[in-house]
Chemist: 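Got a structure for you, written out below as structure tokens; questions coming shortly.
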Amino acid sequence: MTIRGPRRRNVGRGGTMGSQEYDFGSIEGKWQKRWEEMGLFAAREDDPRPKCYVLSMYPYPSGVLHMGHVINYTIGDVVVRYKLLRGFKVLSPMGWDSFGLPAENAAIRTGVHPHEFTEGNIARMTQQMRRAGWGYDWSRELATSHPDYYRWTQWFFLRFLEKGLAFKKTAPVNWCPSCQTVLANEQVKDGGCERCGTQVEQRDMDQWFFRMSTYAQRLLDNHARLEGRWPEAVLKLQKEWIGRSEGARVEFRVAETGDPVPIFTTRPDTLWGVTFMSLAPEHPLVEKLVRGTEHEERVMAAVREMRAAGTSEKDLADREKVGVFTGFHVVNPVNGEKVPLWVANFALMTYGTGAVMAVPAHDQRDFEFARKYGIPIKVVIQPEEGSLDPETMTGAYVDPGVMAASGPFDGRRNTEAMPDVISWLEEHGHGRREINYKLRDWLISRQRYWGAPIPVVYCDGCGVVPVPEEDLPVLLPTDVQFREGGGNPLATSESFVHTSCPSCGGPARRETDTMDTFVDSSWYFLRYCDPHNEAAPFGEASLRHWMPVDQYIGGIEHATMHLIYARFFTMVLHDLGLLDFDEPFDRLFCQGMVCKTAYYCPEHKYLKEEEVVDGHREGDIIVDGRCAHCGRPVQSEMTKISKSKFNIVDPDAMMDRFGADTVRLYMLSDAPPDRMQIWSENGINGAWRIINRLWSLALDSLERVAAPGEPVPDDLDVLNREIRRMTHQAIGRVTGAIEGGFQFNTAIARCNELLNALRSGFEKVHPAVLRETLEVILRVLSPIVPHMAEELWERLGHGESVFTAGWPEADPEAAREELVEIPVQVNGKLRSRLHVSPDESREELERLALADERVQKFIAGKEIARVVVVPGRLVNIAVR
RNA sequence: GCCGGAGUGGCGGAAUGGUAGACGCACGGGACUUAAAAUCCCUUGGCCCCAAGGCCGUGAGGGUUCGACUCCCUCCUCCGGCACCA
């Protein structure tokens, strides 16, 4: 199929309206250069205007801009320019999340050093960003892989280490055998590596952590301050991720040995119904108990099997629950009952204590396990009506009820007795109230080269020794080998590994782990405030000046990783006395995914458009197409653009064809930006038309537009009064649309209306009204289509940038309606319309409505029960 | 399973409890053109009707109200997230 609407560079065919095409090629470049020269986006602390820090999430420098970047950075740029027009000095920085796996994988594949690879990509993407017209203060550009940045990442690590917030421990970790590195839980998707998809294994390794779990409650509490400012969904995701649950810690003991077995439960009210206990396969007690006993072989074999499955099982939740009896028992402290101790694959060592009390009567998972292994079931919560029989139960009873067989609590409602049960446990020394969180400590070790080296050395005499601050940065060495499956390349550098102990001067070994790249991104927004500081990560005064980020913009996929890490990091820096705030991002906005139709053949999977044959187009979609390879009918779906689905859109190609302004306008004109964005050929053509309609109307206006400053006369005709009214109403509505949640689509719609009104009455529009309206359109549209707005603003005779012109202010007098249309309803149904002054009295409206000919037809012969009059809005006559 | 969000023309989407469908796309008709593209103008929720006009319509069903896309209850569908968390 042929691509419709190919762009010809064909300007000035002259003649009638609409014939002049917007020549983005020369105009966009001109203004990008001009903004650079005038320092429009250079943020200065000595600038007296109030500050506004607008930040878009920095990208990984993959070398290619994709549509996700385009929507993200376009929104950011619109906010930046809008704030400029509103009189703020805006900090709008950009930088690079430039450490990470792709560069290292490329090094293994092609032999190009990650540094070179990364710098080349940064150069390419910078060009693409400039071309898109996004305004940044490039003097503040940073890259996390540069030593002058990662030296401070290392410096923060040392501060954490001093305070005991960075520590090392052996932990079962997610190991990606392909990447040869450890992954955070967040980086494991469906049991596979987030990056390469390889099945993840569990291994015990010595790893560095940040003590994030102790900040769980604070991360949760501070949500109160973010409510209404962050998307609901992000707060919810974080809440879920932090996973607070209240309950009790209860001390059980092994009957045979007396070993304590503490458990955590959210249902202390069911303690009397415990019929067995489960330990996680990794629980240290398992091996301790069975070693040297008749049970050892059988139990340890089962444990090995359970551990082998690890997290590599595709769907953990659907995995069959299996267990093995240890041969030992535990004593239930509340009633002295002796119940069997099992090892079960559903018990997690990483949550609670790694031991779970089992109440099959009131927990579905325990129920299934008990039925499977013939373990007794004991009912201790009875429903209000009827009584449960363990023999006939088909599932656990988890609803509220009355406690039974529960000693001192018999007959009490379980929901009400809960706090008393906990008090009782405390009084009798059996346990205490406890709160547990799913949020764990942050594993930051990566067995990789392309990251910030963790600045410690290992000395046989002194142990773990931090690198002294003055020796930072610990530079990445260049004498390393990048090999497929070769483990950590950093460990292959002799010059790096062998060093001397900063403490005793003896021979020592450097840590070869590097830090998770999420550490880099946990403070980059701070560095932007003072990017060239060589004495500190940032100057206190600069931070006080710019922070917090007023508006942060990025993808919702960072809700639980980056956004929690960055909040945690900020809190720690606050507690270290480095910051006087503890939440970094005042407002957050998450843009929607960019989607496009993809085609799918049951046999050949996703197809390119040209592989779909015999179909016809309905709008943008090929319908009833067949697979070019096998002839099977092809399905179409609207889905996130991705290479694997052959539905990608190349921003560069789009800007070649339509220019940056058209792409920007299209991204924002169809749907609110937090929703899914549908990319379509027709849609971008529509945006191109809007651009050209405005362009040619403005050019046609130049001949007859009033001189700048020429006042609008008082004695305008109806048409011109109407246009002025629309103009001044539009200012208010556009402002509201932007302030009320970035509803750029409706803001653009208002401008279209104005444009249409000017076009249809063009010959009769007064020159002064023409100028006024055009200038309003240009100013309110300038954040969205900045290049064209600037060009036309200049051609209208302004010497200064439109971005220094200020946001237009609505004149309430001009915006006032002279005549309003008042709907008249009878029993809620529209029957007629009155045309009256907007402040026509209640009585007169009622009189006019009742007298209306069309209304009469519907009320004749009926009893009027009530007449509702809302002055200026409507009349509703209720009849019987 | 649990928790969110959303269901409005052929499509993307507009509507402080007050004229449902702004704006745009697509479709159709017309103008310009030798012709096409581009551009411009008109029409366009469905149904009945020569017309005037009327009836029906915001996932389904109830409720509150003079009046409900909007608020409340029940249900259905779709999307997203979480999912052995004791």
Side-chain angles (χ1 to χ4, degrees), chain A residues 4-6 8 10 13 15-19 21 231-233 236-237 239-241 243-245 247 263-267 270 278 313 315-319 321 344-348 350-359 363-366 368-369 436-439 556 559-560 593 617-621 666 669-672 675-678 680-687 689-690 692-693 696 733 736-737 743 745-753 755-756 759-760 821-833 854 857 865-870 872-879:
Chain A
R4 298 174 63 180
R8 303 173 314 277
N10 188 3
R13 269 175 295 160
T16 56
M17 202 163 122
S19 60
E21 217 169 60
E232 199 83 36
K236 196 199 79 198
L237 284 170
K239 220 161 264 181
E240 225 166 71
W241 191 261
R244 176 190 160 105
S245 56
I263 57 101
F264 172 74
T265 178
T266 54
R267 293 293 306 275
T270 62
S278 305
E313 200 71 33
D315 195 346
L316 290 156
D318 291 346
R319 185 162 82 194
K321 279 130 193 84
N345 66 345
F346 61 79
L348 304 173
T350 47
Y351 184 79
T353 62
V356 197
M357 73 177 205
V359 186
D363 179 284
Q364 187 58 29
R365 193 185 49 206
D366 295 344
E368 285 162 22
F369 196 87
N436 248 293
Y437 301 89
K438 283 198 265 179
L439 188 79
I556 196 162
T560 51
M593 293 186 302
R617 289 207 163 239
E618 274 180 20
D620 255 12
I621 303 168
Y666 175 49
S669 64
D670 257 19
R675 281 204 225 171
M676 176 177 84
Q677 305 294 315
I678 292 173
S680 82
E681 194 65 25
N682 287 330
I684 184 121
N685 275 319
R689 267 201 288 271
I690 292 170
N692 280 292
R693 279 203 279 254
S696 56
R733 297 181 69 185
Q743 295 167 55
N745 56 327
T746 60
I748 292 164
R750 297 290 80 78
C751 291
N752 274 328
E753 280 170 347
L755 189 56
N756 290 343
R759 276 153 54 89
S760 60
E821 196 180 73
I822 302 284
V824 181
Q825 302 178 336
V826 177
N827 285 345
K829 285 186 199 246
L830 179 71
R831 295 305 179 188
S832 185
R833 297 177 169 93
R854 277 181 294 224
K857 283 205 319 205
R866 185 174 170 188
V867 181
V868 178
V869 183
V870 184
R873 296 261 21 160
L874 64 28
V875 179
N876 188 10
I877 302 162
V879 296

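Lettering follows sequence order; numbering is per chain, from 1.
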Chemist: If the P atom of rA37(B) is compared with that of rC49(B), how far apart are they to the nearest Å?
Modeler: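 Those two atoms are separated by 36 Å.
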Chemist: Considering residues at least two apart in sequence or located in another chain, which fulfil the side-chain contact (heavy atoms from CB on, under 4.5 Å) criterion with N876(A)?
Modeler: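 Once residues adjacent in sequence are excluded, the partners of N876(A) under the side-chain contact (heavy atoms from CB on, under 4.5 Å) criterion are Q825(A), V868(A).
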Chemist: Go through the structure and list residues passing side-chain contact (heavy atoms from CB on, under 4.5 Å) with S832(A), not counting sequence neighbours.
Modeler: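 S832(A): side-chain contact (heavy atoms from CB on, under 4.5 Å) contacts with V824(A), D852(A), R854(A), V855(A).
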Chemist: Taking only residues two or more places apart in sequence, or in another chain, which ones meet E368(A) in a salt bridge (charged side-chain N to carboxylate O under 4.0 Å, His left out)?
Modeler: none
Chemist: Which part of the nucleic acid, if any, lies within contact of L348(A), taking any heavy atom under 4.0 Å across all strands shown: a base, the sugar-phosphate backbone alone, or nothing?
Modeler: base
Chemist: Between K321(A) (NZ) and rA86(B) (P), how many Å, whole number?
Modeler: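 Nearest whole value for this atom pair: 15 Å.
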Chemist: Distance check, rounded to the nearest 0.5 Å: N752(A) atom CG versus T746(A) atom OG1?
Modeler: 11.5 Å
Chemist: What contact category does G243(A) fall into here, base, sugar-phosphate, or nothing, at under 4.0 angstrom with non-hydrogen atoms?
Modeler: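 Nothing: the residue G243(A), judged by heavy atoms under 4.0 Å, touches no strand.
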Chemist: Give me the distance, rounded to whole Å, that separates rU34(B) from rC27(B) when you measure between the C1' atoms they each carry.
Modeler: 27 Å
Chemist: Just how far, in rounded Å, is P of rA38(B) from CZ of R693(A)?
Modeler: 13 Å
Chemist: Return a single string for nucleotides 13-20 of chain B, one symbol per nucleotide in 5' to 3' order, where B is base contact, S is sugar-phosphate-only contact and - is none, cutoff 4.0 angstrom on heavy atoms.
Modeler: SSSB-BB-
Chemist: Look at the side chain of R365(A) and decide which nucleotide, out of rC66(B), rC84(B), rC40(B), has an atom nearest to it.
Modeler: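 The closest nucleotide is rC84(B).
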Chemist: Under 4.0 Å between a side-chain N/O of S680(A) and OP1 or OP2 of rC11(B), yes or no?
Modeler: no
Chemist: Between the protein and nucleotides 44-50 of chain B, which nitrogen or oxygen pairs come in under 3.5 angstrom?
Modeler:
none

Chemist: Could you work out, with side-chain hydrogen bond (donor to acceptor under 3.5 Å, both in side chains) as the rule, every residue matching S680(A), not counting sequence neighbours?
Modeler: D620(A)
Chemist: Rounded to whole angstroms, how far apart are CG on N345(A) and P on rC84(B)?
Modeler: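 Going from N345(A) (CG) to rC84(B) (P), I get 12 Å.
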Chemist: So, does R689(A) get its side chain near the phosphate of rA38(B), meaning an N or O under 4.0 Å from OP1 or OP2?
Modeler: no
Chemist: Using OP1 and OP2 only, check whether a side-chain N or O of N756(A) sits under 4.0 Å from rA22(B).
Modeler: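 For rA22(B), OP1/OP2 do not have a side-chain N/O of N756(A) under 4.0 Å.
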Chemist: Sequence neighbours excluded, which residues qualify as salt bridge (charged side-chain N to carboxylate O under 4.0 Å, His left out) partners of R873(A)?
Modeler: none
Chemist: Name the orientation of the base relative to the sugar in rG12(B): syn if the glycosidic angle is within 90° of 0, else anti.
Modeler: anti
Chemist: Using the closest heavy atom to pick a nucleotide of RNA chain B for each, name whichever of I690(A) or Y437(A) lands nearer the 5' end.
Modeler: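 Result: I690(A).
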Chemist: Who are the side-chain hydrogen bond (donor to acceptor under 3.5 Å, both in side chains) partners of E232(A), not counting sequence neighbours?
Modeler: none
Chemist: Looking for any heavy atom pair under 4.0 Å, which part of the strands does A347(A) touch: base, sugar-phosphate only, or nothing?
Modeler: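 A347(A): base contact, heavy atoms under 4.0 Å.
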Chemist: Take atom P in rC41(B) and the same atom in rC32(B), then report the distance between them in whole Å.
Modeler: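 Roughly 15 Å separates the two P atoms.
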Chemist: Using the C1' atoms only, state how far rU58(B) lies from rU19(B), rounded to an integer number of Å.
Modeler: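 After rounding to an integer number of Å, I get 15 Å for this pair.
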Chemist: Test your reading of the model: is there a side-chain donor-acceptor pair from D363(A) to the backbone of A358(A), 3.5 Å cut-off?
Modeler: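 Pair absent, no side-chain N/O of D363(A) close to backbone of A358(A).
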Chemist: How would you list, by chain and number, every residue that makes a side-chain contact (heavy atoms from CB on, under 4.5 Å) with E821(A), sequence neighbours excluded?
Modeler: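 For E821(A) the side-chain contact (heavy atoms from CB on, under 4.5 Å) partners, ignoring immediate neighbours, are R833(A), H835(A).
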Chemist: Excluding sequence neighbours, so at least two apart, what forms side-chain contact (heavy atoms from CB on, under 4.5 Å) with N436(A)?
Modeler: S245(A), F264(A), Y351(A), E434(A)
Chemist: Measure the distance from CG on N436(A) to P on rA86(B) and round it to the nearest whole Å.
Modeler: 8 Å
Chemist: Under the salt bridge (charged side-chain N to carboxylate O under 4.0 Å, His left out) rule, collect the residues that match up with R267(A), sequence neighbours excluded.
Modeler: D269(A)
Chemist: Can you check nucleotides 55-63 of chain B for protein contacts, nitrogen or oxygen pairs under 3.5 Å, and list what you find?
Modeler:
unit_1  : atom_1 : unit_2  : atom_2 : d
rC55(B) : OP1    : R831(A) : NH2    : 3.3
rC55(B) : OP2    : R831(A) : NH1    : 3.1
rC56(B) : OP2    : K829(A) : NZ     : 2.9

Chemist: In whole angstrom, give me the gap between the C1' atoms of rG18(B) and rG10(B).
Modeler: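 Result for the C1' pair: 30 Å, nearest Å.
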Chemist: Kindly give the heavy-atom pair with the smallest separation between K321(A) and F369(A), and that separation in Å.
Modeler: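 Closest pair (atom of K321(A), atom of F369(A), distance): CB-CD1, 4.2 Å.
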Chemist: Of all the choices, rC3(B), rC23(B), rU39(B), which nucleotide is nearest to the side chain of E753(A) once you look at every atom?
Modeler: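 Nearest to the side chain of E753(A) among the choices is rC23(B).
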Chemist: rG24(B) and rC42(B): how far apart are their P atoms, nearest whole angstrom?
Modeler: 11 Å
Chemist: Which part of the nucleic acid, if any, lies within reach of S669(A) when heavy atoms closer than 4.0 Å are counted: base, sugar-phosphate only, or nothing?
Modeler: nothing
Chemist: Please report the distance separating the C1' of rG61(B) from the corresponding atom of rC11(B), rounded so that it comes out in whole Å.
Modeler: 29 Å
Chemist: Rounded to whole angstrom, note down the C1' distance from rC69(B) over to rC82(B).
Modeler: 31 Å
Chemist: Between P on rA38(B) and CD on E681(A), what's the gap in Å once rounded to a whole number?
Modeler: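 To the nearest whole Å, that distance equals 12 Å.
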Chemist: Which atom pair, heavy atoms only, marks the closest approach of T270(A) to M357(A)?
Modeler: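 Nearest heavy atoms, T270(A) then M357(A): OG1-CE, 3.6 Å.
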Chemist: Quick one: Y666(A) OH to rC23(B) C1', roughly how many Å, whole number?
Modeler: 14 Å
